[in-house]
Structure formats: C-alpha cells, structure tokens
Engineer: 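Sharing a structure with you now.
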Amino acid sequence: MAESKNNYKDTLNLPVTDFDMRAALLQKEPAIQARWKADDLYGQIRAARAGAGRFILHDGPPYANGDIRMGHALNKALKDFVVRLRTMEGLDSPYIPGWDCHGLPIEQKILDKLAAKAKQLPAGKIRQLCAEYADGFVKVQSDQFQRLGVMGEFAKPYVTMAPAYEAATLDVFARLVEAGLVYKQLKPVHWSIANRTALADAELEYEDRQDESITVMFALADGADAIPHEKGDTLALLIWTTTPWTLPANLAVAVHPRYDYVAVRVGLETGPVTLVLAQSRLEAVMGNPLTPWAKAGVRVQPMGTFKGQALIDAGVSYHHPLFEGKRGRVVPAEYVTLEDGTGLVHTAPGHGLEDYMTGLANRLEVYCPVQADGTFDDTAPDFIRGVDVWKANALIVERLKQNGMLVVSETITHSYPHDWRSKTPTIFRATEQWFVAVDKPFGPKGQSLRRMAITACGKVADEGGVDFIPAWGRNRILGMLETRPDWCLSRQRAWGLPIPAFYNEAGRPLLTAKSVRTVAAVVAQKGAQAWFDCTPAELLAGYDPADDEQVDYPAEFAVETLTRGEDIFDVWFESGSSWFAVAMQRGLVQNIPVDLYLEGSDQHRGWFQLSLLPALGAAGVAPFKAVLTHGFVVDKDGKKMSKSVGNTVDVLEQLNKRGADVLRLWVAFQNYQDDVRCSEELIAQTEDAYRKIRNTLRFAMGACGDFDPATDAADPANHSVDLWMKMELHALVADVREAYDRYEFHRAARMLYEFCTVQASSVYFSAVKDRLYCESPNALRRRACQTVIHQVLTTLIKLLAPIIPHTAEEAWGHIPHREVGEPASVHLALLPEADQALLRLAGDLRPVNVDDAAAAPDRLEGGPAWTWRRLMELRQAALIKLEALRKDVKNPLDAEAVFHVASDADAEFIETYIREMEDLLGVGYARVERVDSLPEGVSIDVSVGDTREKYQRCARSWKRRPDVGTHPEYPDLSVRDAIVMKELKAR
RNA sequence: GGGCUUGUAGCUCAGUUGGUUAGAGCGCGCCCCUGAUAAGGGCGAGGUCGUAGGUCCGACUCCUACCAGGCCCA
C-alpha cells in the first residue's frame, strides 16, 4: 500500500528550497557578518538614507574593562533593535558605539599588575599602560558586540581617552566655568597619611584595629530650658567617639529629631550633673561599670524625656571641650542610630562624609585642622599642634580627663579602613575639591542647574522636556535631582583627564573659561598626556591673564610662576559630555537633544543625570528627547547574578553555543522594563522558538519555489482562506509596527512568533497544502495562495530583521523571486506597511442580519471578521469531534465533516465556505446536510464520520471523496486530480 | 533605613475605565501524520492572580500592612 500511495508523488508540486532547515548559526553568522563588512552594508545604508529624517540613538559608553556580560548583551541588543528598526522605517539612524576608558578600575588593574614596581615608574608610564589596557578591551568588546550582530560605526567608535574627545570634554567644562558654576571647596575624603594621597573606596581594606572608645561630656552653653533639670546643676550632652583626634574639629552634635531623649541626674565629685542622651541608650551607657558614678556607687536619677527636636527648637549649644570660648550647636540628622554610642553624635564636617553632609545642611564650616602628613596645624589647640593624629589621641583623652569631661575611656577592637597599599590606617580628611554648583542661579534665565533639570524632567518631550520609558523613570530621576548635592568633579588619581587648574605661588587657583580653552587646544593636539609633559607656559601658550576678564589680579598669575594642579575629572564628567563630544562634534545632530538614550535603570543616577547637568549648564537644554531604561539581568529565581554565588550565565559561551540570533531573540522576548531572568535553560527554550520561526520561513520559501510575483501573482478569491490570511497578516503588520514604535519588542516578537505558530503554520499552511501540492502548477487557486504566502514570507522577514538580522538576511537571499525593486539586503529595505483596506476588512464585524437574510437571501453577507470568527469556531468544534473519532479513524483524510443546517441562510453561508472548511480541517471531504431542526441556540452543527467504507481514496491527494473513481481515465483519482493529471500529461 | 520598582499556570507574556466559568504560545502528557521529516498537525492537563486584611453588590484590577526580589542611595 505504501507503494501505491506514492505512485503520483512525482506529479505533485512539493516544496522546493535551499534555505536550510538547520540554522547552523555558528557558521553562518560570522560569514554573514563578514559579507556585511566587505560590502560595507552600514555605509550603504547611510548612503541610502542620506537626506532622510534623522533618528539618533546616542550610545552610552560601557567601561573598557573585561569581556562583555549578559547585561551588555541585553543593552546592545536593544539598542540594535532600535537602530535597525528606525533605519527600516526609512530614517537615517547612524550609530556610533563608544567606550569609557579612564578611571580607577583600570588604574588599579595596572597597579596590581605592576605591584612593587609601580612606585619606580613615572606617572606617564602608568598612564600609558592604562591606555594600552583600555585600548585592548575596546577592541575585545568591539568584536564581541559585532559578533552579537550590532550594527554601527565600529570602524570609528568613540573613546573618552581620545584627544578630540578629551578636548571636547574640556570645552564643556569651560562653558560651565564660564557660567560660574565651578568652584573649589573642602570635602572630606579617605586619606592615606603614609602616601599623602586621597583614596577611593575600592582602595580601602578593612582590618581590625584597637582604638580608644571614649564617652565625653559637652557642657551646655544655651538652651537649658529644653532639658528637665534642677536649678544650679551643671548640664551636659553626652557623646561617644572612637576617634578622639577628630574632637578638635567638632562643630556640632547631631540628634535624631524623632527619637526620645532623656535627662538624667548624677552626683559627681565636682557636683551634681544632668546629662542628656538617647532614652534607649540609657541603660547601656549609664550602666557601664567604668563610669565615675558606677565606681562611686552614685544613683542615677531620671529627670524626664523629650524628643530630639526639642533640643533643636531650643537652639541648644555647648562649650567645645578642647577650645576655650568656642561653642558648638545641636543639629538634626536622620542617620543617628541607637545601636551604639549615646544617640548624640559628635559631628566634625572635616572628618566624615555624613558629618560633612550634615554640615552642608546646617551651614557649618568644613573645618579640618589635620594636614596632609597627618599632623595638626596651627589652628588646633596648643597641646597637639604638630602632633600626628595617632599620638594626639592619647593627649586628647588625657586633656579631657583633666577637664573632668571624660566619662568613660576603654579600648575597643573594631573594623577600620586601611590603605591597601601601605597597610596603614586611613583617616577622613577634608581636602580642596572642585565642584559644580547645582543650586547657583546662572545664565540668562537665572535658574539653577537643579531647577532646570527638574523642569526638563517634569515635562514631556513635546513641551521641551524629556519622555521616559517606562514612565516611572521620570519620578525616579526627579527624586534624585531634588536631593542631589553639588557635584564633586575632582579625583586624586593618575588615570584620567586632568582638571586644567593652575596654582600660583600663594596656592590660589587659575581656572577660567579662557585658560581651560587654551589648555583644551593643546589637549586636542597632543592628548591629555600633554598636561604632564608640557610646562604650564607651554600649556598656556598664547594665554595672558591680563586679557582674561575672569582673572581679578592678573599680576599674581604670571604664567611662568604657575604650577599644575594634580586633580583629574570624575569619569562621569567625561561620559556626561558625550552629547557634545560625540553627538554634536561627530555631526549626528546640529544641536541637542538627540532622540534617545537607552541604558540600564542604574543610569538614572549615572549617565542620564550626569549628562543632563553638563548639557543644561553648557548648552541650556537637555541632551535627550527620550530616556529608555531596562532592568537588570538576574538569575532564574530573580536574584542578582554574582560570580561567588555561581548563578551567572556567560554571554560569550551562549553566543558561541547558540548563536547571536538566538540570544537576540531571547532578549526580544523579555519585557525589559522589569528585571530580566536569565539562565542556561531559559535561553535554551528560545532555541525552540527560533526553530519554529525558521521552519515557518522555510515552508513559505518552499511553497514559493516556482513562484515569481512579477509573472505569477493572482488575487485570492473573496471567500478563500487566503483572504483571511491576508487580513491576519496586515493586522500583524499594524500591531508589530505599533509595538516597535513604542519599543515594546517583547510584544512585537511574541506576536511574530505566535503568528508563525498559529495563523501561519497551524491554520493556513496546513489548510493550503492540498492546493499547493495537488493543483496544477498554474492553477489560479494555487497561484493566489502562493501570492499570499510570498507576501507572508517577505513581510515576516522584514518584520523580523531588526531582531534576528542574520537569519533575516539569509532568508532574504533565499527568496526565489523577490518583488521588483526590493534591495539586495533586507536591511536596506523598508518595513511593510499595513494595507488600510485590509485592516478595515479585518475589523468588519458586521453580522448577518437573520431577518434580512430570510427576506433577501441573495444579499446574505456578514463582515469578514464576523464570518471568519464563525468559521474558526466551527473549525474548532469539528477538530474536537475529529479527535474523538481518532479512536477509529487515525487519519482525517479518511473522515468527512458534515455541516448540518436548518435554514437557507445558514446553508448558503456554509456552502460558500465548504471547500475552505475541508482544507481547514484537513479532512478528505466536507459537505452540507439539511435537517429539519437543530438544538436550541445552534445554527450550524458539525459532525464527523468515518468514510473508509463509504468513499474510495484518491491515490494522488489521499483524500476519500465521493467522486473518486468517476473519471474514466483515472479511476484511482478524484475528479480534480484526474483533470490535473490530464493537464500535466498534455504538456 | 529611604526613593523608585516588580511579584498572574513549569517558562515567557496578555488581561481595556473594578463586572459572567482569568487568556495565549511554549514546555509537559496523550495521539496522529510520514508529500515541511533532526519537520508538521490534533486534543488534554496545568493558576486560591506573592500573603493577610479592608473598601465595594462585585477586586487580578482600588486601599493598607506584610513577605520575597531588583536598581539607586544612606
């Protein structure tokens, strides 16, 4: 029987294609990428779009350090979707990838490698090694991004360490200086006494260390009314510290406004004292057996409680314990904790970051009597002048004891930061730093940067503001803008762009718009290294302070007398200037804003904000029209990925195992607005989806093997499933393009995938196989179907191209005959447009009016959407019955579907579509049967039946139908097949 | 601890202004086909919508608290 079944195989039009079923992406993608490169596809696209509307996605620079990670892939894939998509919309969308090259991580890597040798090498040599290191990873990452299929100007990327970029950064800086936004101020930093240098957090090692932990009384000066006490008593605030050497710099005592504080009375040798401390610390502090009252066995008498706010409201101040005649005051601070200490926090703005912030909030001076070598300067009390802080500790404790202000002193062991190179303990020390003022009004409108930034982020793009995708990004950045402090621009490191400040002999800085621009011109030529290689006179060649209106006393700043500053820029200032250094200087836009910035949601605080501020300060406008953020790549349980936990997924491994298009498709499927879960298995699942898409394309390709739209195209019949397919296809085009336009890639990808699975494969392709295979090659019914499939194929490839560019390109090249005028590369093509007439048809839900139908059955016509929904429901009902029949009849071609109708209208309706129903069900035969009545609520009832005894099987189409055997020349065929055979024979 | 944010079937996503039995595809199970074949098709089983309260005639949807995550701060 198997033999007889295949007698007519050679007479069928089976699919023909050389588009491989197996993807072999690992071989094909690199080849396709090589061809793109050889053909300069990017250049071709740019040329083709010259003069078209621009769309600029400006790339945020990843750090040039190490191989790319999954997060990079997510980010770059999304960017590439956007660029390719806008390009296929007909826009000119150049993309210049960039890298962030300066900064501590690279410097540290180099210093680690050099180890002890680092000290002997000149700074210039270290900078050179850093540059080489960064350059190496720019190349590595560039290759990796290109392997992912990212399209852009990789031949000429931007790097923040390039001379032109550095000069442009200085240009932006000069404009901020010009606007009067740059100033110098003290700020505490981690300081290594041994190396006389500032340290970054990453350069600290925490080690246990023994220190004196002391509890000290600060005698009250003012505000006694706020504290319950007995008249005549001495009053004092109780504070605690493990760094007695910071006490000379004490300017305030911080309390938590909402915590409860208590006044307690104790009798001391010197007389009764009422002490203030946090209520919940009472037991721990007062109960300490080392206190004088504990030692003397004196009772502690509570006097009453009050909120911290009461101390602030009363303007409580105290006598400084080490400075005669100096007073400090009580200030509020939310960070006060009750875990240790007294709940009243000794505050020295020159010696702690929190203290410093508190100081800023309360207008305290940043006082720091400790010099770079760790000794106290002349502003410190006599007994510690010139003494280093560690020795001063003991002296200060001793002095407090003599004053009678020391309550407890005990040695404790605690974790303390050490300089990881010298292994010596570090201190917090206020040093001069450069800042950008966020609250200073400037420019023609007299607004502050903060005001301008909040205004820009508070409006939508149409009103001159910024769009945020997702929308909550707006709130997030606004919250940050409202509370951010002035921007500290300076770092004390080697690997970076120098802040071009000069100092005169008196130590006063020269930093003006003109001086910065003069240096920038040198940097543009020789790079930032010029700062180190050239003398101040060379750097300032042509600059005369006398001609500079920003210099008040030119005589004091004679160029020959100047020395160079040693600070470098915060790397964020460099990347935050890219809107100018790249977008404008490389001619992407005449003026900012660009269309889109697209980064992870951490960049609300990072690159977005730190691009916004320089742009507002230097250009007066935001650098972007829209900001799109994506979440982070997390593991399959939604937990953060970390090497130590071992839940990371290596992107390069995946790339080399499954290919770029699979990884890109995986990205496309994710709703990036939330965190993106990732694991080996989750990516593996995408391979199934990829295969399904690929096979859908392949079948369509095979079906068009002998089809050329230029000569063979035919319109589908009005009542054919072809028309349904066209409506579905154009609805897909409209939906996908809308999703694309909103950057909802996961919706687009999902719709495309489901279309491949359901509408195309499961419904349409299954249904039309009979006519494709069995009809005569040129039969209208077949050509019309091929016309639709060809459209489906072309449309799918184009819509898929931004997401899986390699597969799309491969498929594009395998379309037997493309439409006339289509370009050689799919990436030069335009996205398909939805046919509005078809969309209207697809939305036509006009139901049949049963009454009208009875009156005028010839006008019976429902809207296509209504009709096809009804037909698909019938299909579903029939399929369920077929499934039940499968117990006896395995093959649907051995079954028939019978549609029972009771009215003329229903009869006519189903007769019209009976041939389509036969195909949609895959049965051998379908027919209509009149019945007298049907169950309540049923207008068309479907049943299925076994036809193995009833009809003969057609040896060609394998369908069992009543007409098999009726044709005299081909008794083993159905009439349709017999006629086709005659026709084929006649050829 | 604070700001922003997420939590619907094993997975990835839908779920319109609160309104019948919460949908899809994949995966899974069973079955079919062997003329898309390292393919294709059919049917089916899966969800107390993070938890607990509350508002309401009615809550996946609104409110509160809590739990578990994420980013950024402290």
Engineer: Using the glycosidic torsion, which applies to B/rG46: syn (within 90° of 0) or anti (everything else)?
Structural biologist: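 The base of B/rG46 is oriented syn (glycosidic angle within 90° of 0).
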Engineer: Just call it for A/E681: base, sugar-phosphate, or nothing, with non-hydrogen atoms closer than 4.0 Å on any strand.
Structural biologist: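 The residue A/E681 makes no contact with any strand.
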Engineer: Checking base pairs now: Watson-Crick or wobble, both atom distances under 3.5 Å. What partners B/rU17?
Structural biologist: none
Engineer: Checking contacts here: which listed nucleotide (B/rC13, B/rA74, B/rA39) is nearest the side-chain heavy atoms of A/H746?
Structural biologist: B/rC13
Engineer: Can you figure out which of B/rA36, B/rC26, B/rG69 approaches the side chain of A/D674 most closely?
Structural biologist: B/rG69
Engineer: Looking at B/rC43, B/rA36, B/rG25, which one has an atom nearest to any side-chain atom of A/E883?
Structural biologist: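 It is B/rC43.
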Engineer: Tell me which nucleotide, if any, is Watson-Crick or G-U wobble paired with B/rA22 when both distances must be under 3.5 Å.
Structural biologist: none
Engineer: Among B/rC13, B/rC33, B/rG70, which is the nearest nucleotide to the side chain of A/K639?
Structural biologist: B/rG70
Engineer: Establish, from distance only, whether the side-chain atoms of A/R484 and A/Q609 form a donor-acceptor pair under 3.5 Å.
Structural biologist: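 A/Q609 and A/R484 do have a side-chain donor-acceptor pair below 3.5 Å.
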Engineer: So if I take every side-chain heavy atom of A/I880 and compare against B/rG25, B/rC43, B/rU34, which nucleotide ends up nearest?
Structural biologist: B/rC43
Engineer: What nucleotide, of B/rC43, B/rU5, B/rC72, holds the atom closest to the side chain of A/Q876?
Structural biologist: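 Side chain of A/Q876 sits closest to B/rC43.
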Engineer: NA contact type, A/R875, heavy-atom cut-off 4.0 Å: base, sugar-phosphate, or nothing?
Structural biologist: sugar-phosphate
Engineer: Between B/rC67 and B/rG25, how far apart are the two P atoms, rounded to whole Å?
Structural biologist: 38 Å
Engineer: May I ask you to verify whether the side chain of A/R750 and the base of B/rU12 hold a donor-acceptor pair under 3.5 Å?
Structural biologist: yes
Engineer: Let's test this: given Watson-Crick or G-U wobble pairing with both distances under 3.5 Å, identify the partner of B/rG46.
Structural biologist: none
Engineer: Using only modelled atom types and a 3.5 angstrom limit, is any donor from either the side chain of A/R22 or the base of B/rA38 paired with an acceptor on the other?
Structural biologist: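 Such a pair exists between side chain and base.
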Engineer: Using Watson-Crick or G-U wobble geometry with both distances below 3.5 Å, tell me the partner of B/rA65, or none.
Structural biologist: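 In the structure as shown, B/rA65 has B/rU51 as its Watson-Crick or wobble partner.
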Engineer: State which of B/rG70, B/rG41, B/rC26 makes the closest approach to the side chain of A/T757.
Structural biologist: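 Taking heavy atoms from C-beta onward, the closest nucleotide is B/rC26.
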Engineer: Nearest-Å distance, CZ (A/R886) to C1' (B/rG42)?
Structural biologist: 5 Å
Engineer: So, A/T807 versus A/Y690: side-chain donor-acceptor pair below 3.5 Å or not?
Structural biologist: yes
Engineer: Which pairs count as salt bridge (Lys or Arg N to Asp or Glu O under 4.0 Å) when at least one residue sits in residues 745-766 of chain A, sequence neighbours excluded?
Structural biologist: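 Passing the test, one end in residues 745-766 of chain A: A/E744-A/R747.
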Engineer: Among B/rC4, B/rG40, B/rC33, which nucleotide sits nearest the side chain of A/S766?
Structural biologist: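 Taking heavy atoms from C-beta onward, the closest nucleotide is B/rG40.
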Engineer: Between B/rC63 and B/rU55, how far is it from one C1' atom to the other, in whole Å?
Structural biologist: 7 Å
Engineer: Paired with B/rC56: which nucleotide, if any, by Watson-Crick or G-U wobble criteria at under 3.5 Å for both distances?
Structural biologist: none
Engineer: Which listed nucleotide (B/rC26, B/rG35, B/rC72) is nearest to the side chain of A/R605?
Structural biologist: B/rC72
Engineer: What's the closest nucleotide to the side chain of A/E354 if the choices are B/rC43, B/rG70, B/rA74?
Structural biologist: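 The listed nucleotide nearest to A/E354's side chain is B/rA74.
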Engineer: Could you tell me the Watson-Crick or G-U partner of B/rG40, where both distances fall under 3.5 Å? Say none if there is no partner.
Structural biologist: B/rC32
Engineer: Please state the C1' separation for the pair B/rU17 and B/rC62 - nearest whole angstrom.
Structural biologist: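 About 12 Å, rounded to a whole number of Å.
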